[in-house]
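Below is one structure; the comments refer to it alone.
Note that the numbering runs from 1 along the sequence shown for the chain. Note that the structure is predicted; figures quoted are calculated from it, not measured.
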Amino acid sequence: MSQKIRIKDIAEKAGVSVGTVDRIIHNRPNVSPSARAKVEKVLKEINYRPNMYASALAYNKSYTFYLLMPKHESEAYWQEIEEGAKDACEARRDFHIDIRFMFYERSDEVSFSSAFEGVIESNPNGVIVIPSDMDTTKRYTDILHELNIPFVLLDSYMPSLQPLSFFGQDSFNSGYFAARMLMLIARDEKKIMLMKLTKNGKVASKQQENREVGFRHYMNEHFPTTEIVDLEMPIECEKHKYDSILDDFFSANTDIHHCITMCSKAHIVGEYLLRNEFANVQIMGYDMVDKNAECLKKGSISFLIAQHAYVQGYSSVNTLFRAIVLKQSVKPINYMPIELLTKENVDFYNRALI
């Protein structure tokens, strides 16, 4: 019934002008309380549901969203997020949506701050944020709140920032799951290597930190006597430097056969193991990037945990679209599935939308 009723019909029932009904339906100002009450009474009686898609198209407004994210290589977890965001914009191009990217150096507060300031100066309609540390990120998300600019968080969930929505894995449970899967094949090992991607001695992301907490929680509960040997790898380093670090490590730890990392760079170790023919050593890691998949197929990576980076990028843009353009409510927390990939099923993994 609501689809057959015209604005003119609602105006006649409420005893007001067509323009007044139009302003109320589209939440515009300059409407008296009495007129609003009359129109809302009629809308309730007829169970009116506006066609927000048609309204948004008719309004013909353009929207600019920004994605604030780390600088990255072409074959990386972040690249899939970027591709997903671009495709979501393309899918909504009739609504004049544009996505722009602002990049910062990982674990560099100055770079992050400079990039975020650039985003804010551009006065966007919405922002997607892959956060830095809590304090630095909050300083700028507070400004977004003051400016009434909605933002979506990816990668690390920080509820105190009060984002419109979050997309990513439950990091603690992901790390706990990773430990459980690793120990199915390493339960008799005395030592496990934990590779950490670091910058200036600090782990490169909050997500990695939280995964490690989950990992160690499982190990303390179920394998308290297994020694976890940390290996720090600089986030930006030439291959020969990585090789030197790994040469020293495996020379000093000939009894280590299983390794794990909480980041997407398991291939650093995986490729080293293949080049040096370490047939009895494997590493487990995160994210279905091409280099990781190749090592998985060749046996130097035992498992990969995938988290649908493309879907995160696509869904974050779609969430801003629904909230800002269509004025719809959106789900505040969206945890990605924790999926385990092996060489037998990696070719069937669908990184795009189902």
Nearest-0.5 Å distance that lies between atom [atom1] in [X] and atom [atom2] in [Y]:
| X | Y | atom1 | atom2 | value |
| --- | --- | --- | --- | --- |
| L68 | I128 | CG | CD1 | 10.0 Å |
| E109 | D135 | CD | CG | 8.5 Å |
| D230 | F249 | CG | CZ | 9.0 Å |
| M262 | M195 | CE | CE | 10.5 Å |
| F321 | L326 | CZ | CG | 4.0 Å |
| I260 | I305 | CD1 | CD1 | 6.5 Å |

With heavy-atom distances below 4.5 Å as the criterion, would you say the side chains of [X] and [Y] are in contact?
| X | Y | value |
| --- | --- | --- |
| Y310 | D87 | yes |
| F250 | M193 | yes |
| M134 | L161 | yes |
| L246 | R275 | no |
| P234 | Y242 | yes |
| L197 | T261 | no |
| F116 | S132 | no |
| Y63 | R92 | no |

Test of understanding: clusters of I, L, V, M, F, W, Y form through side-chain heavy atoms closer than 4.5 Å, transitively. Do [X] and [Y] belong to the same one?
| X | Y | answer |
| --- | --- | --- |
| V127 | V152 | yes |
| L182 | V281 | no |
| M69 | M158 | yes |
| M288 | I301 | yes |
| M219 | M181 | yes |

Check your understanding: Judged by modelled atom types alone, do S165 and N334 share a side-chain donor-acceptor pair under 3.5 Å?
Key ->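 Yes, N334 and S165 have a side-chain donor paired with an acceptor closer than 3.5 Å.
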Exercise for review: Might you confirm whether atom CD of E277 has over 12 heavy atoms from other residues, nucleotides or ligands at distances under 6.0 Å?
Suggested key: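 For E277, atom CD is not crowded (no more than 12 foreign heavy atoms under 6.0 Å).
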Check your understanding: Near R216 CZ, under 6.0 Å, is it more than 12 heavy atoms from other residues, nucleotides or ligands?
Key ->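 For R216, atom CZ is crowded (more than 12 foreign heavy atoms under 6.0 Å).
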Exercise for review: Check the angle between the aromatic planes of Y349 and H308 and answer parallel, tilted or perpendicular using the 30° and 60° thresholds.
Suggested key: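 Geometry flag for H308 against Y349: tilted rings.
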Exercise for review: Measure up the Y176 and H217 rings against each other and bin them: parallel (under 30°), tilted (30 to 60°), perpendicular (over 60°).
Suggested key: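 Aromatic pair Y176/H217 classed tilted.
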Taking [X] first and then [Y], would you say they form a salt bridge - that is, a charged N and a carboxylate O separated by under 4.0 Å?
| X | Y | value |
| --- | --- | --- |
| E40 | K44 | no |
| K71 | E105 | yes |
| K86 | E90 | no |
| D133 | K199 | no |
| E212 | K196 | yes |
| K206 | E209 | yes |

Is there a donor-acceptor pair closer than 3.5 Å between any side-chain N or O of [X] and the backbone N or O of [Y]?
| X | Y | answer |
| --- | --- | --- |
| Q282 | G299 | yes |
| S316 | G313 | yes |
| N345 | T342 | yes |
| D155 | P131 | no |
| T319 | S315 | yes |
| Q169 | A306 | yes |
| D170 | N173 | yes |
| N125 | F65 | no |

Exercise: identify the closest heavy-atom pair between [X] and [Y]:
| X | Y | value |
| --- | --- | --- |
| C89 | D98 | SG-C, 3.8 Å |
| E238 | H240 | OE1-NE2, 2.7 Å |
| C295 | G270 | SG-C, 3.7 Å |
| R139 | S113 | NH2-OG, 3.6 Å |
| L194 | I228 | CB-CG2, 3.8 Å |
| A14 | K38 | O-CD, 3.5 Å |

Practice item. Using the side chain to side chain donor-acceptor pair (under 3.5 Å) rule, take E294 and H267 through it: C-alpha gap first, then chi angles, then the decisive distance, then the call. Key: CA-CA 8 Å; E294 189 66 23; H267 60 81; over 6 Å; no
Practice item. Would you sort out whether I130 and W78 count as a side chain to side chain contact (heavy atoms under 4.5 Å, CB included), showing the intermediate values? Key: CA-CA 10 Å; I130 296 172; W78 308 115; 3.4 Å; yes
Practice item. Applying side chain to side chain contact (heavy atoms under 4.5 Å, CB included), run through V39 and V31 and close with a yes or a no. Key: CA-CA 11 Å; V39 172; V31 178; over 6 Å; no
Practice item. Begin from the C-alpha positions of H145 and Q162 and carry the test side chain to side chain contact (heavy atoms under 4.5 Å, CB included) through to its verdict. Key: CA-CA 9 Å; H145 282 301; Q162 299 180 294; 3.8 Å; yes
Practice item. Determine whether the aromatic ring centres of H72 and Y77 lie less than 6.0 Å apart. Key: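 No, the ring of H72 stays outside the 6.0 Å limit from the ring of Y77, centre to centre.
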Practice item. Check whether the ring centres of Y272 and F278 lie less than 6.0 Å apart, and answer yes or no. Key: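 Centroid separation for Y272 and F278: below 6.0 Å.
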Exercise for review: Mind running side chain to side chain contact (heavy atoms under 4.5 Å, CB included) on F177 and L340 for me, showing each step along the way?
Suggested key: CA-CA 9 Å; F177 173 80; L340 191 70; 4.2 Å; yes
